[in-house]
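This structure is a prediction, so every number in the text was calculated from the model and none was measured. Chain naming here is simple, since letters A, B, ... match the order of the sequence lines and numbering starts at 1 in each. Atoms considered below: every heavy atom in the structure, side chains included; atoms not considered: hydrogens, waters and symmetry mates.
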Amino acid sequence: MVEYSSPNTNKPLHLGHIRNNLLGASVSQLLTSAGYQVHKTQIINDRGIHICKSMVAWKAMGNGETPESTGEKGDALVGRYYVAFDTTYKKQLAELIASGIHEEEAKSQVPIQLEAQEMLRAWEAGNETVRALWAKMNAWVYDGFAETYQELGVSFDSYYYESDTYLLGKDIVDQGLSSGMFLQKDDGSVWCDLSDEGLDEKLVLRADGTSVYITQDLGTAVLRYKDHPDMNGMVYTVGNEQDYHFKVLFLILNKLGYNWASQLHHLSYGMVDLPSGKMKSREGTVVDADGLMQEMRDTAQNIASSLGKLDGLDKQEKNELYRHIGIGALKYYILKVDPTKRILFNPKESVDFNGNTGPFIQYAYARIQSIVKQSNNLKGNIYMEITLDQKEKELLKWLELYPQTIQNAAEQYSPALIANYVYELVKRFNSYYQKVVILSDDEHTRQFRVRLASQVGYVIQSGMGILGIECPEQM
RNA sequence: GGUCGCGUAGCUCAGCUGGAUAGAGCAUCUGCCUUCUAAGCAGCCGGUCAUAGGUUCGAUUCCUAUCGCGAUCACCA
């Protein structure tokens, strides 16, 4: 089972989520190619103070707006009210401070913040009005997310909602207490002593008996193994800022005696940063996923129309093509980088379409298909003696490495290895293509070269498929 | 401060588990479209692989230290 995505339901997805989704989806595909049966899942953070903030702001300022009434994507609408909350919060805080209240004290008195906290309490108490509003606004967000996922080309086999699972894990804490793995302090809080592992004590249950993050994760891990008893491994696609959390989580599960704890893997990836530093939604320094994808499509369209190679296609076919090329460029750009390394994304420098890029590879594929179509009178197996060109030898050698590359990439959970392999393959092929005429006049030579090209095309398509990138027949 | 991760060309990155003159792309410059799609190919320029030690026949790769950058060390998720 591979888990990825894990969005909060109070704002639209951004570039960080794109990396998460692409990695998770691609690793799933990679593991499938390596022979595993994969189940893709996501956990959705649909409850908490963040969504309450959007709810409070929408109630106060929304005038009953809906995605239908504004024509806006649902997640964008809810995100707008999250921002509105923050704006109001800052304004009210400034007013309090101006009236002579100390900053620390003022922070605990901001009216809209108190409202949000009150709403969270009402939500937890099961208040029907609050729950209804919550369900309505989350539904808007899910519709918006669904659009984004579809555009991005990622999918899931199942969903876990935090509102269903946030109370899980308490049984496990009880078990831990009775087995002596956990200890309870005087105030009632429960801890796991990890000092023998060189770590500190870790809180697993609050003094008031409520769950913390790790309590839930203990619970959902056990739940997932109950839901999928045959499962022999689980991959958590989560940023490396949570390395410590997962280290602790796996250790505790191991201490509790779950024999599958050793099969858990944290697919830890680097953050996507901007030249200005970390993306912060509150400061508006995020690269919006939908906006970026649209930009990529537009760029693909601009390049294609200036090259004018697509005259034979109708409008719908062209749009599909722009999507495959634009999104392909984005996916390749993200996935070609070693997952463990952070990505520096400069919005001012658009993603390339030349060089080591998705379109470069797609283009090679399209040229190959064009050749194969012009020579579709291939006969059965032919044994022939031909002298191999040096570049043909290199190509054949490289093609042979593909299966092993998949295995290595799967072992390392690294789609980047596939991307680099395919890039090297295409480099070799392009060089060959330049040097040699594939549609040779000599029948035997032509047969061989077309087959070789066709095989290269097959591997390109397969490799790009692992990255979730379509290879158009023409571009 | 403790822990973890990262420092390779002006920029973005490869370098597969230690092996020969460290490779690409972008950017600058130079060639190549009346034969299969020039989103391509060929070439020029560009590196003290952060620094200093150590292990080894051999280190960008492994170890240690130092410097720099980032993350984390919440009764937030």
| query | When Watson-Crick pairs (N1 to N3 and N6-O4 or O6-N4) and G-U wobble pairs (N1-O2 and O6-N3) count only below 3.5 Å on both distances, what is the dot-bracket string of RNA chain B, with | for other-strand pairs? | reply | (((((((..((((.....[...))))..((((.......))))......(((((..]....))))))))))))....

Identify each atom pair where a protein N or O and an N or O of nucleotides 74-76 of chain B are less than 3.5 Å apart, giving names and distance.
unit_1 : atom_1 : unit_2   : atom_2 : d
B:C75  : O2     : A:Ala207 : N      : 3.4
B:C75  : N4     : A:Asp187 : OD2    : 2.5
B:C76  : OP2    : A:Arg206 : NE     : 2.8
B:C76  : OP2    : A:Arg206 : NH2    : 2.5

Give one of base, sugar-phosphate or nothing for [X], where a contact means two heavy atoms less than 4.0 Å apart.
X        : result
A:Glu473 : base
A:Met475 : base
A:Ala304 : base
A:Gln242 : base
A:Val436 : base

Please state how far atom [atom1] in [X] lies from atom [atom2] in [N], giving the value in whole angstrom units.
X        : N     : atom1 : atom2 : value
A:Gln434 : B:C41 : CD    : C1'   : 4 Å
A:Arg367 : B:C36 : CZ    : C1'   : 9 Å
A:Tyr244 : B:C4  : OH    : C1'   : 11 Å
A:Tyr269 : B:C13 : OH    : P     : 17 Å
A:Leu452 : B:C36 : CG    : C1'   : 14 Å
A:Tyr365 : B:C36 : OH    : C1'   : 16 Å
A:Gln374 : B:U35 : CD    : P     : 14 Å
A:Ile368 : B:G40 : CD1   : P     : 14 Å

| said: List the residues meeting side chain to side chain donor-acceptor pair (under 3.5 Å) with A:Gln455, not counting sequence neighbours, and say none if there are none. | reply: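 With sequence neighbours excluded, A:Gln455 shows a side chain to side chain donor-acceptor pair (under 3.5 Å) to no residue whatsoever.
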
| Pairing residues for A:Asn254 by the side chain to side chain donor-acceptor pair (under 3.5 Å) criterion, not counting sequence neighbours |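 A:Asn254 satisfies side chain to side chain donor-acceptor pair (under 3.5 Å) with no other residue.
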
Tell me if a side-chain donor or acceptor on [X] pairs with a main-chain N or O of [Y] at a distance below 3.5 Å.
X        : Y        : answer
A:Ser431 : A:Lys427 : no
A:Gln362 : A:Glu470 : yes
A:His17  : A:His14  : yes

Using the [atom1] atom on both, measure [N] against [M] and round to a whole Å.
N     : M     : atom1 : answer
B:U61 : B:A14 : C1'   : 14 Å
B:A74 : B:U56 : C1'   : 47 Å
B:G40 : B:A22 : P     : 28 Å
B:U60 : B:U48 : C1'   : 12 Å
B:A65 : B:C4  : P     : 10 Å
B:C45 : B:A9  : C1'   : 10 Å
B:U30 : B:C44 : C1'   : 7 Å
B:C49 : B:U8  : P     : 12 Å

| Do the two ring centres, one from A:Phe250 and one from A:His266, sit under 6.0 Å apart? |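 No, they do not, as the ring centres are separated by 6.0 Å or more.
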
| query | Can the ring centroids of A:Trp123 and A:Tyr166 be said to lie less than 6.0 angstrom from one another? | reply |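 For A:Trp123 and A:Tyr166, the ring centres are under 6.0 Å apart.
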
| request: Would you mind calling B:C33 syn or anti? Take O4'-C1'-N9-C4 for purines or O4'-C1'-N1-C2 for pyrimidines, and syn is within 90° of 0. | output: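 Because its glycosidic torsion lies within 90° of 0, B:C33 adopts the syn conformation.
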
| Can you list the residues that meet the ring-ring contact (aromatic ring centres under 6.0 Å, His included) rule with A:Phe145, with sequence neighbours excluded? |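 A:Phe145 satisfies ring-ring contact (aromatic ring centres under 6.0 Å, His included) with no other residue.
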
| query | Taking the six-membered ring of A:Tyr269, is the NZ or CZ of A:Arg19 close enough (under 6.0 Å from the centre) and on axis enough (within 45°)? | reply |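 Pair A:Arg19/A:Tyr269 does not count as cation-pi.
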
| request: Return the nearest nucleotide to the side chain of A:Asp243; candidates are B:A38, B:C4, B:A42. | output: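 Nucleotide nearest to A:Asp243's side chain: B:C4.
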
Residues that [X] engages under side chain to side chain contact (heavy atoms under 4.5 Å, CB included), provided they are two or more places apart:
X        : result
A:Asp441 : none
A:Lys336 : A:Tyr332, A:Asn356, A:Ala419
A:Gln474 : A:Leu310, A:Leu313

Just distance, no hydrogens or angles: give the donor-acceptor pairs under 3.5 Å from side chains in residues 185-192 of chain A, sequence neighbours left out.
unit_1   : atom_1 : unit_2   : atom_2 : d
A:Lys185 : NZ     : A:Glu201 : OE1    : 3.1
A:Asp187 : OD1    : A:Ser189 : N      : 2.9
A:Asp187 : OD1    : A:Ser189 : OG     : 2.6
A:Ser189 : OG     : A:Trp191 : NE1    : 2.8

| query | Hey, does the side chain of A:Asn240 come within less than 4.0 Å of B:A71's phosphate (OP1/OP2), counting only N and O? | reply |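 It does not, given that no N or O in the side chain of A:Asn240 lies less than 4.0 Å from OP1 or OP2 of B:A71.
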
Output a table of nitrogen or oxygen pairs between the protein and nucleotides 16-27 of chain B separated by less than 3.5 Å.
unit_1 : atom_1 : unit_2   : atom_2 : d
B:A24  : O2'    : A:Tyr423 : OH     : 2.3
B:G25  : OP1    : A:Lys427 : NZ     : 3.1

| request: By nearest nucleotide on RNA chain B, pick out whichever of A:Asn420 and A:Leu199 is the more 5' one. | output: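 The answer here is A:Leu199.
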
| message | Quick check on RNA chain B: between A:Asp338 and A:Leu439, whose nearest nucleotide comes earlier from the 5' end? | response |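 Final value for this comparison: A:Asp338.
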
Are any protein N/O atoms closer than 3.5 Å to N/O atoms in nucleotides 7-12 of chain B? If there are, list each pair with its distance.
unit_1 : atom_1 : unit_2   : atom_2 : d
B:G7   : OP1    : A:Lys341 : NZ     : 3.2

| said: Per the salt bridge (charged side-chain N to carboxylate O under 4.0 Å, His left out) rule, what does the pair list look like for residues 358-370 of chain A, sequence neighbours excluded? | reply: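 Every pair satisfying salt bridge (charged side-chain N to carboxylate O under 4.0 Å, His left out) with a residue in residues 358-370 of chain A: there are none.
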
| Pair A:Glu320 + A:Arg323, salt bridge at N-O below 4.0 Å |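 Looking at A:Glu320 and A:Arg323, the cut-off is met.
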
| message | If the threshold is 4.0 Å, N to carboxylate O, is there a salt bridge linking A:Glu197 and A:Lys202? | response |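 Salt bridge: no.
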
